[in-house]
Amino acid sequence: MPLDKISDGTDLVILRKALGFNQAEMANRMGLSPRAYFTLEQEPASVNIRHIRLAEYVALSEAVARGDRDLAPRSVAKLADAFAKLG
């Protein structure tokens, strides 16, 4: 079941596991050091809008690559649908 949206470190854990990534893989895909990513999961309130957007990008990219819409949070999937209708 896809997330509605990403709002904190707890959601990052759910997303990471749904994508089948370990912490180091998720950190790499988000452009973060493993230590920085680990901190986000351990201190959920430390997640800011930049982290959320990076995680959304990773999720959307993986959803497209795998052909699995459910990997992207619903909020991102809706935005992607609206964008696709522009073309």
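As the structure is a computational prediction, the values presented were derived from the model and not from experiment.
Linking Ile, Leu, Val, Met, Phe, Trp and Tyr whenever their side-chain heavy atoms come within less than 4.5 Å leaves Leu54 and Phe38 in two separate clusters. Residues Leu3 and Phe21 fall within the same hydrophobic cluster, defined by Ile, Leu, Val, Met, Phe, Trp and Tyr side chains chained together at heavy-atom separations under 4.5 Å. By the rule that hydrophobic residues join a cluster once side-chain heavy atoms approach within less than 4.5 Å of another member, Val76 and Val47 end up as members of separate clusters. Hydrophobic clustering (side-chain heavy atoms under 4.5 Å, transitive across Ile, Leu, Val, Met, Phe, Trp, Tyr) groups Ile14 together with Ile6.
In this structure, Leu32 and Leu40 have side chains that are in contact, with non-hydrogen atoms separated by less than 4.5 Å. In this structure, Arg16 and Glu41 have side chains that are in contact, with non-hydrogen atoms separated by less than 4.5 Å. Looking at heavy atoms from C-beta onward, Asn22 lies out of side-chain contact with Met26 at the 4.5 angstrom threshold. Side-chain contact between Leu15 and Leu19 is present, with at least one heavy-atom pair separated by less than 4.5 Å.
Summarising the geometry, atom CG belonging to Leu71 is positioned 11.0 Å from atom OG belonging to Ser61; distances are rounded to the nearest 0.5 Å. Once rounded to the nearest 0.5 Å, the distance linking CZ of Arg50 with CE of Met30 reads 7.5 Å. Between Asp70 atom CG and Asp68 atom CG the span is 5.5 Å, to the nearest 0.5 Å.
Checked for salt-bridge contact, Asp81 and Arg69 meet the test: a charged N lies under 4.0 Å from a carboxylate O.
When every heavy atom of Ala27 is checked against every heavy atom of Pro34, the shortest pair comes out as CB-CA, 3.8 Å. Closest of all the heavy-atom pairs between Asp8 and Pro44 is CB-O, 3.6 Å. Shortest non-hydrogen contact noted between Pro73 and Ala59 is CD-CB, 3.7 Å.
Under the 3.5 Å distance criterion, the side-chain polar atoms of Asn28 are left unmatched by any main-chain donor or acceptor of Ala24.
Evaluation of the side-chain hydrogen bond (donor to acceptor under 3.5 Å, both in side chains) rule for Thr39 yields no partner, not counting sequence neighbours.
Counting only residues at least two apart or on different chains, the salt bridge (Lys or Arg N to Asp or Glu O under 4.0 Å) pairs with a member in residues 56-67 are Arg29-Glu62, Arg53-Glu56, Glu62-Arg66.
Hydrophobic cluster membership for Leu86: Phe83 (Ile, Leu, Val, Met, Phe, Trp, Tyr linked by side-chain heavy atoms under 4.5 Å, directly or transitively).
Environment of OH in Tyr57: sparse, with no more than 12 heavy atoms of neighbouring residues, nucleotides or ligands closer than 6.0 Å.
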